[in-house]
There are 2 protein chains.
Amino acid sequence: MRFDKGHKEQTRRRIVETAARRFRKEGVEAVGIAGLMADAGLTHGGFYAHFASKEELVRAALEEASDQSRERRAVLLEKGESLEALVRSYLRPVHRDTPELGCAAAALIAEIARHEPETRSAFTGRLKELLAQFEAALPVDMPEEVRSRRAIGIFGTMLGTLQMARAVTDPVLSVKMLESGVEAALALATM
Amino acid sequence: MRFDKGHKEQTRRRIVETAARRFRKEGVEAVGIAGLMADAGLTHGGFYAHFASKEELVRAALEEASDQSRERRAVLLEKGESLEALVRSYLRPVHRDTPELGCAAAALIAEIARHEPETRSAFTGRLKELLAQFEAALPVDMPEEVRSRRAIGIFGTMLGTLQMARAVTDPVLSVKMLESGVEAALALATM
DNA sequence: CATATAATATGATGATCGTCATTTTATAGC
DNA sequence: GCTATAAAATGACGATCATCATATTATATG
C-alpha cells in the first residue's frame, strides 16, 4: 500500500509502544513477535520491515519506556515537587501492580544484564539520566560526589524494594516492603 | 536399571544443582529442559521421572540456591561477623560477576514475580528467612519493628544496587554502584 | 481512471520448546 | 546366572520461536 508519509512511522510507534508495555509486564523473552504484532493489530510478517531483529525492538521499547518515565519525573520536579514525591510515587501499590506502565528498570534490569552490550549500553545511558535527575533533586549543600553516590543508593533501594513487593505473595508484607523502601530512601536523601 | 537406593535421589540432586546455576546465570525462561539434562550428563526423556513439570524444578532450584545462600550467611554470622560483612560480601565484584553462584533473588526476583503463586510463595518463605537473619544482625537496642523495616530497606538496597552494577556497561560506574550500595546499606544499618 | 509502489499479509523455514509414551539397559535380589 | 524391576534413553508430539522470501493490496501519483 502507498500510504501518506508518516504512516509507516506511526505503525512503528504502535509496535514499539505495544512492546514497551508487554515486555515490562511479561519479560522480553516471554513475548513472541507474532503475538506482539497481533496485539498491535498487524500480522507477524511485516515486523522485519520495521526492525532488523527482535533485539532492535528491545532497545527501542526500552528507550520508549525510559522516555515516558523520565518525562513523568521531569513534570513532577518542575512542579516544584521534591525527591520525596518521586520516592512515594515510585513505591506505591499502583506502581507495584501495573509494571506494564511503570519503571522499565524495575521490570527488566536483570534480563537486560544478559542482553547484548549494545542494549546494555543504551540502558546505561538512560539510567545515568535517571540518576542525574535524582542527584539534582538532592540538597544543594551536599558535595557533588556525595550526591552522586547517594542518588545511586536511593534509586537502588527503590528498585530493590519494589521488586520484592512485586514478588512476594503475602500482601501485608508487600505493603510493608513499599513503606520500608520509602523510609529507607528518604533517610538516605535527608541525612 | 535397578540401582542402589539413593541413586535416583542423587541424580535428582544433580539436576537441581545444574538448574540452580543455569537459572541464575541465564534466567529461567532461557534454559530448556533438553540442554539442562545434557548439562547434568543425562538425556531429556528422564526429566519427568524426577519432576512433574519445569515449574516444579524451578521451585526446587530456587530452594537449593536459597539454602546455599542462607548457609553462607549463617556461617559468617556464627563466626561473629557483623551485618557489615554480609553487605560487603554481597556487593563485591566477584558476586556481581558470578550470578550463577550468587543470590537467587538478585538474579531472578523479577521473573519470579511472574511465576505461579506456588513458586512465589516458596520464594516468599525464603525471603522471610533472609530478612530474619538480617534483622537479627541489627543492633539489639533497636525496637523490633524498626529492625524489621530496616532489614527490608537494607536488603532492598543491596538487591537493587547489585542488579544495577550487573546491567551497566560502564565499568567505573559499576564499581561506584557497588560502593554506593555498601555505603547506603551500612548507613541504614547503623543510624 | 490506470499504474507504480510502498506497506502489510501470507506462508514457510529450521530450530527449539515442554511434555510424554515407549523402549532399552544395568543391576539388585533370587 | 536368571529374572524382575527401576532408571534412563529414544523418539515423537504439537506448539511456538525468530526470521525471511514472496505475494497481495490499498492508495498516492500520473
Atom pair [atom1] ([X]) and [atom2] ([Y]), whose distance is rounded to the nearest 0.5 Å:
X: A/R126; Y: A/S69; atom1: CZ; atom2: OG; result: 10.5 Å
X: B/E118; Y: B/F123; atom1: CD; atom2: CZ; result: 16.0 Å
X: B/T11; Y: B/K8; atom1: OG1; atom2: NZ; result: 9.5 Å
X: B/Q163; Y: B/M177; atom1: CD; atom2: CE; result: 11.5 Å

Practice problem: Using a heavy-atom cut-off of under 4.0 Å over every strand shown, decide if B/A49 touches base, sugar-phosphate, or nothing. | Solution: nothing

Exercise. Enumerate the residue pairs fulfilling side-chain hydrogen bond (donor to acceptor under 3.5 Å, both in side chains) with a member in residues 144-153 of chain B, sequence neighbours excluded, ordered by first and then second residue.
Key: A/K176-B/S148, A/E183-B/R149, B/E145-B/R149

Measure the distance from [atom1] on [X] to [atom2] on [N] and round it to the nearest whole Å.
X: B/M37; N: C/dT16; atom1: CE; atom2: P; result: 18 Å
X: B/K8; N: D/dT5; atom1: NZ; atom2: C1'; result: 13 Å
X: A/E55; N: D/dC17; atom1: CD; atom2: P; result: 17 Å
X: B/K54; N: C/dC20; atom1: NZ; atom2: P; result: 15 Å
X: B/F47; N: D/dA7; atom1: CZ; atom2: P; result: 16 Å

Look at [X] and [N] and indicate whether a side-chain polar atom (N or O) is within less than 4.0 Å of OP1 or OP2.
X: B/H50; N: D/dA8; result: yes
X: B/T11; N: D/dA8; result: yes
X: A/Y48; N: D/dT19; result: yes

Any salt bridge linking [X] with [Y]? Criterion: basic side-chain nitrogen under 4.0 Å from a carboxylate oxygen.
X: B/E26; Y: A/R114; result: no
X: B/D170; Y: A/K128; result: yes
X: A/R88; Y: A/E84; result: yes
X: B/R22; Y: B/E100; result: no
X: A/R13; Y: A/E17; result: yes

Practice problem: Mind running a 4.0 Å heavy-atom check of residues 23-34 of chain B against DNA chain C and sending the residues that fall below it, in number order? | Solution: B/V31, B/G32, B/I33

Self-check item: Stretch residues 107-121 of chain A: residues that reach within less than 4.0 Å of DNA chain C through a heavy atom
Solution: none

Quiz item: Where the side chain of B/H44 is defined as all heavy atoms beyond and including C-beta, which of C/dC20, C/dT10, C/dT8 is the nearest nucleotide?
Solution: C/dC20

Exercise. From the options D/dT19, C/dT8, D/dA8, select the nucleotide whose nearest atom is closest to the side chain of B/L42.
Key: D/dA8

Quiz item: Has the side chain of B/R166 got a donor or acceptor atom that lies under 3.5 Å from a matching backbone atom of B/H95?
Solution: yes

Exercise. Under the side-chain hydrogen bond (donor to acceptor under 3.5 Å, both in side chains) rule, collect the residues that match up with A/R96, sequence neighbours excluded.
Key: A/S174

Exercise. State whether a side-chain donor-acceptor pair under 3.5 Å links A/R59 with A/T119.
Key: yes

Quiz item: Between the side chains of A/E129 and A/Q133, is a donor N or O closer than 3.5 angstrom to an acceptor N or O?
Solution: no

Quiz item: Pairing of DNA chain C as dot-bracket, 5' to 3': ( ) intra-strand, [ ] crossing, | other strand, . unpaired, with Watson-Crick or G-U pairs under 3.5 Å?
Solution: ||||||||||||.||||.||||||||||||

For nucleotides 13-15 of chain C, list the nitrogen or oxygen atoms of the protein found under 3.5 Å from its nitrogen or oxygen atoms, one pair per line.
none

